[in-house]
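First the structure, in the form of structure tokens, and then the observations on it.
Atoms considered below: every heavy atom in the structure, side chains included; atoms not considered: hydrogens, waters and symmetry mates.
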Amino acid sequence: MARKNSISTISDKLTKINESFTIYMYDNGYMVEISGRNSSDDWSTAKILVSTTDELLDLINEASSLPRD
């Protein structure tokens, strides 16, 4: 079964972010949950799954560079 519209970066879903995010550790990877505003300026939450700490660090670096709401 093919994935539909896989989200791999925060900016795929949000244009501005809140000042905090949560990282969940699972047996097979990590999930970053972050809220903010989407392109329509509506509140939204992104939940992004990654497999490695390198991918996790990429998301943290991206969150640090996005505008804050």
**Q.** Any donor-acceptor N/O pair, Glu62 side chain to Ile10 backbone, under 3.5 Å
**A.** yes

Q. With a 3.5 Å cut-off and no angle check, do the side chains of Asp12 and Thr9 form a donor-acceptor pair?
A. yes

Q) Which heavy-atom pair separates Phe21 from Ala63 by the least distance, and what is that distance? A) CE2-CB, 4.1 Å

**Q.** Hydrophobic cluster membership, Ile23 vs Ile17, 4.5 Å side-chain cutoff
**A.** yes

Q) Counting distance only, does the side-chain N/O of Glu19 pair as donor-acceptor with the main-chain N or O of Arg68 below 3.5 Å? A) no

Q: Measure the OG1-CG distance between Thr45 and Leu14 for me, rounded to the nearest 0.5 Å.
A: 7.5 Å

Q | Pairwise distance NZ(Lys47) to OG(Ser35) - rounded to 0.5 angstrom | A | 9.0 Å

Q: Look at the side-chain heavy atoms of Ile, Leu, Val, Met, Phe, Trp and Tyr, link any pair under 4.5 Å apart, and say whether Ile60 and Ile34 land in one connected group.
A: yes

Q. Can you name the nearest heavy-atom pair linking Tyr24 to Glu33, along with the distance?
A. OH-OE1, 3.1 Å

Q) If two hydrophobic side chains count as joined below 4.5 Å and joins carry through other members, does Val32 share a cluster with Trp43? A) no

Q: Measure across Ile48 and Leu59 and return the closest heavy-atom pair with its distance rounded to 0.1 Å.
A: CG2-CD1, 3.8 Å

